[in-house]
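The structure appears right after this line, and notes come after that.
Here is the naming used below: chain letters follow the sequence lines, and residue numbers restart at 1 for every chain. Quick note: numbers below take in every heavy atom, side chains included, and nothing from hydrogens, waters or symmetry partners.
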There are 2 protein chains.
Amino acid sequence: MALRRTRKKTADKSTYHHGDLRQALLDASLALITEEGFGALSLREVARRAGVTHAAPYRHFADKEALLAAVAEEGFRAMTSRMKEEMAREPSPIDRLGACGVAYVLFAVENAAHFRVMFGPHFTQPLTPTVLGEDADAYGLLVGVLAEAQRAGEVREGDTADLALACWSLVHGLASLLVDGQLDPEAVAGGVAALARTQTLLLVGGLARPPVD
Amino acid sequence: MALRRTRKKTADKSTYHHGDLRQALLDASLALITEEGFGALSLREVARRAGVTHAAPYRHFADKEALLAAVAEEGFRAMTSRMKEEMAREPSPIDRLGACGVAYVLFAVENAAHFRVMFGPHFTQPLTPTVLGEDADAYGLLVGVLAEAQRAGEVREGDTADLALACWSLVHGLASLLVDGQLDPEAVAGGVAALARTQTLLLVGGLARPPVD
DNA sequence: CCTACCGATCGGTAGG
DNA sequence: CCTACCGATCGGTAGG
C-alpha cells in the first residue's frame, strides 16, 4: 500500500512470522473496509487477511478501538503530509489555502477507508491533534495558512476560527458526499480534482478581500 | 417520538399485537442507534425493543437494508418538511437560502440517528429523490431557492449547480462534524443554532452579489 | 504467534 | 406474529 512504512526486518522468523504484523494489520483493515464496507470489519477477519490466527492481533492492539485509532492516526499523518506537499507548490497564501482544500478532498476520495475511520463516530475519547502530535494536525495547518492569508490582505478580515470552520465544513462536506456516493454521477463526470477545485475556489473567492480600487 | 405518524389501530389484537409495528420498528431503530451507536443496530435487537420476537420484523422488511431505507426515507421527508417550515418565515430569497441551510444543520444535530442513516454508505442502490418523491427532495428545495435568489439579483451569477453544491457541501460538512463530535466543544459553546447561522451567513455573504453603488 | 475453548449474538427460515 | 431451529461469526481469554 502506498502508505506502508518501511518494514522492520526481524531475524527470528520462527517466533515472529511477519516483518511487521502491526502494519500488516493496519493495511488489512483498510483493504477490508474498502472491499466489504465498514460493517464487515472485525478483528478476526483482519487477522485472517494478515495471515495470522485471530488471537495474534491482541499482541499489538488491546481491542478493536485501539486498532481503529491506529488507522485513524496513520490517516491524519498522511493527510497532513499530502496537504503540506500541495501547499508547498503555491507561492501566495491564498493559493496555498486553495491547495490545502483541494488536497483535503482528494485525500478523502483516494483514501476513502482512511477517511471513514478518521471521522467516524468510533472513538470513546476524541482523537485530538494534541494527542496525535503536530505531524497530524491538519486543522492547525488550515488555520495557519488562513491567518497568513488574512495578514497578507488576501482574505477578508474577521474571526479566523469562524472562517477556518467555514473552510473545513466546505471541504469536509464535499469529501463526505463524494466518499459516501451521494453526488449525482453527472456532477462528478468532470473528475473529482476539477470539482474540488471549482468548489474550493468558490468559497475562497467568496472569502477573498474585494480589491480596493 | 416526534416523527411518529398517527397510529393505525387494528381491531384484531390477537393476531396483530401492535397498532403499527412497522412504525414501532423504525422508532426502535433510531433509539438504538442513538443510545448504542450504529454498530449496535441489528434486526434482532430492534425487534426486542419493539417488544416482538426476532422473526416479526420480516413481516414488514425483507432485510436490514430495507429497514434502513425506510428510516432514511422518513428522515428525508422530515428534513424537507423542516426546511420548508423555516423558509416560509423569510420574505426574501436570500434569507430563505440562509434559513434553508440553518434548518439542514439543526435537523442533523437534533436527529443525528436519522442523519447517519440517510447519508451513511448503507445502500446498494442509491436513494435518489426520484425514488423518494418530491416530499423528500431536500436538494431540489435548495436548488429552487438558490435559482430564485439569482433571478432576484441577490446572489451572484454563475452555474446554479455549482453554487448549490457549495451550499450543500458547507452545511453537510458542518452537520457531519457536529454529529460526529469532531468540533472543539469551545466552538459549539455558543449553541449550534448560532454556529449554523454564522457559518451559513459566511457562505451566503460570500455568494451575495456585491451591491452596485 | 498458535491451539483450543468460552459464551453470546446474528441473519434467516420452517412451520404454524 | 410466535416457537424452534440452522449455520456462522464474533470478541475475548487461557495456556503454551
Side-chain angles (χ1 to χ4, degrees), chain A residues 7-33 35-71 117 120-124, chain B residues 7-33 35-71 117 120-124:
Chain A
R7 286 193 168 187
K8 171 178 37 173
K9 290 292 178 190
T10 302
D12 188 0
K13 274 257 182 177
S14 65
T15 63
Y16 200 57
H17 295 190
H18 274 78
D20 189 348
L21 178 57
R22 190 190 136 91
Q23 186 61 45
L25 292 168
L26 298 184
D27 293 347
S29 300
L30 292 169
L32 178 54
I33 294 171
E35 293 165 28
E36 313 283 346
F38 191 87
L41 187 110
S42 72
L43 271 180
R44 290 175 99 104
E45 179 61 26
V46 167
R48 227 168 269 139
R49 286 184 173 235
V52 293
T53 58
H54 71 268
Y58 291 94
R59 300 277 288 175
H60 296 275
F61 302 104
D63 53 28
K64 195 170 169 176
E65 182 171 337
L67 191 166
L68 286 177
V71 170
V117 175
H122 314 297
F123 306 110
T124 312
Chain B
R7 284 193 170 187
K8 171 178 42 172
K9 289 292 178 192
T10 302
D12 189 0
K13 274 256 180 177
S14 65
T15 63
Y16 200 56
H17 296 190
H18 274 80
D20 190 348
L21 178 57
R22 189 190 137 90
Q23 186 61 44
L25 293 168
L26 298 184
D27 293 347
S29 301
L30 292 168
L32 177 55
I33 294 171
E35 292 166 29
E36 313 283 346
F38 192 87
L41 187 108
S42 72
L43 270 180
R44 289 175 99 105
E45 180 61 27
V46 168
R48 228 168 268 139
R49 286 184 173 237
V52 295
T53 58
H54 72 266
Y58 291 94
R59 300 277 287 174
H60 296 275
F61 302 104
D63 53 28
K64 196 169 167 177
E65 182 172 339
L67 190 166
L68 285 178
V71 170
V117 175
H122 315 298
F123 305 110
T124 312

Set of side chain to side chain contact (heavy atoms under 4.5 Å, CB included) partners for B:Tyr58, sequence neighbours left out: B:Leu43

Partner residues of B:Arg44 under the side chain to side chain contact (heavy atoms under 4.5 Å, CB included) criterion, sequence neighbours left out: B:Ser42, B:Arg48, B:His54

All pairs passing salt bridge (charged side-chain N to carboxylate O under 4.0 Å, His left out) where residues 50-59 of chain A contributes a residue, at least two apart: none

Residue pair A:Leu41, A:Lys64: steps toward the side-chain contact (heavy atoms from CB on, under 4.5 Å) verdict: CA-CA 9 Å; A:Leu41 187 110; A:Lys64 195 170 169 176; 3.8 Å; yes

With sequence neighbours excluded, residues passing ring pair (Phe, Tyr, Trp, His ring centres under 6.0 Å) with B:Phe38: B:His122

Reading 5' to 3' through nucleotides 3-16 of chain D, protein heavy-atom contacts under 4.0 Å coded B for base, S for sugar-phosphate only, - for none: BBB----BBBB---

Bracket notation of DNA chain D in which parentheses pair within the strand, [ ] cross earlier pairs, and | pairs with another strand (Watson-Crick or G-U, under 3.5 Å): ||||||||||||||||

B:Ser29 vs B:Leu67 side-chain heavy atoms within contact, under 4.5 Å: yes

Set of residues satisfying side-chain hydrogen bond (donor to acceptor under 3.5 Å, both in side chains) with respect to B:Glu65, sequence neighbours excluded: B:Thr124

